[in-house]
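To start, the structure under review is shown below, and the notes come after it.
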Amino acid sequence: MPVFEYLQETPAAYYTLMGVLGLIIGSFLNVVIHRLPKMLQQNWERECRIILATPAAAGEINETYNLIRPRSRCPHCQRMIRATENIPILSYILLHGRCSGCGKPISIRYPLVEALSGGIALLLAWYFGFTVQAVLALVLSWALLALSIIDLDHQLLPDDITLPLLWTGLLVNLFGVFTDTESSLIGAMAGYGVLWSVFILFRLVTGKEGMGYGDFKLLAALGAWLGWQMLPQIIILASLCGALVGLMLILLRRHAMSRPLPFGPYLAAAGWLALILGRDLNALYVQWAWTP
Ligand SMILES: [Zn+2]
């Protein structure tokens, strides 16, 4: 294919393509982060009503609400956002971070997620080069980014993302893209099993639930993508960072000790680091362990 040859021989074109793709998907991730939890909530409420056989509340609007419809609106004045106002990052700068209808500030999070997504795409393009790994690593990164922010907002890691991520990880490594099939399969089972055991033990000892099932599924997905060999460093890094941040928040009295902190963002970040640095870190650990 001449297009592939061109991209392979012209790094500038390849990087530009990946960067722009990252920005566009970042914009879509903002929609997913904002809407998926609401869609799930709506579904649960609908199912509960069916089970309990209660009629819908008066005045309830039953309009279509999914990742595509309705079009995005300003949360303050409900003004429809035009396509020209929806260009990643650029629109935010041109609009000076304010809605062109009511002048209320637009959350800085939208351009930040877009920039992060674009930056990750560039970094992976550079790290993996023009390979299948680069594209697939991008898919994993986008899922991890969306999961992290949804978990921060709602303390929820939706099955709609974690489970497809798990199956894709197994499928990808059926062809040995990131690790061999055996390591991937063991990784998926061990990832789920380890956190599940910690959860049960913690509950037996303290009577509290310190994690959610979403965390087990996320670590299972990371095990499927990266292989069981990466699980120890992911768990260690995520726990250390989680404990540090949690301690800081409690010391600053920003967080009550009884409320559980979301663990998903730390798992996701540690998993992403393992994707890039995992082999080097493991080699380093082995070196340490073997040095007398
Ligand atoms: Zn507005």
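Order of listing sets the numbers, starting from 1, for every ligand and every atom in it. If you're wondering where the values come from, they're calculated on a predicted model, not measured in any experiment. If you read the sequence from its start, that first residue is 1, and numbering goes on from there.
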Check your understanding: Within a strict 4.5 Å, meaning less than it, do heavy atoms of the Arg79 and Ser100 side chains meet?
Key -> yes
Review point. Quick one: does Ser91's side chain get under 4.5 Å of Thr84's, heavy atoms only?
Key: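 In short, these two side chains do not touch, never coming nearer than 4.5 Å.
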Practice item. Using 2.8 Å as the cut-off, note every protein N, O or S atom close to the Zn ion (ligand 1). Key: Cys74 SG, Cys77 SG, Cys99 SG, Cys102 SG
Check your understanding: What about Tyr213 and Phe199, are their ring centers closer than 6.0 Å?
Key ->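 When the ring centroids of Tyr213 and Phe199 are compared, they turn out to be within the sub-6.0 Å range.
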Point to revise | Enclosure of Trp142 CH2 (heavy-atom neighbours >12, cutoff 6.0 Å) | key: yes
Check your understanding: How are the rings of Phe178 and Trp225 set to each other: parallel, tilted or perpendicular (split at 30° and 60°)?
Key ->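 The rings of Phe178 and Trp225 sit tilted, inter-plane angle from 30° to 60°.
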Point to revise | Pairs involving residues 159-175, ordered by first then second residue, that meet side-chain hydrogen bond (donor to acceptor under 3.5 Å, both in side chains) (sequence neighbours left out) | key: Asp159-Lys217
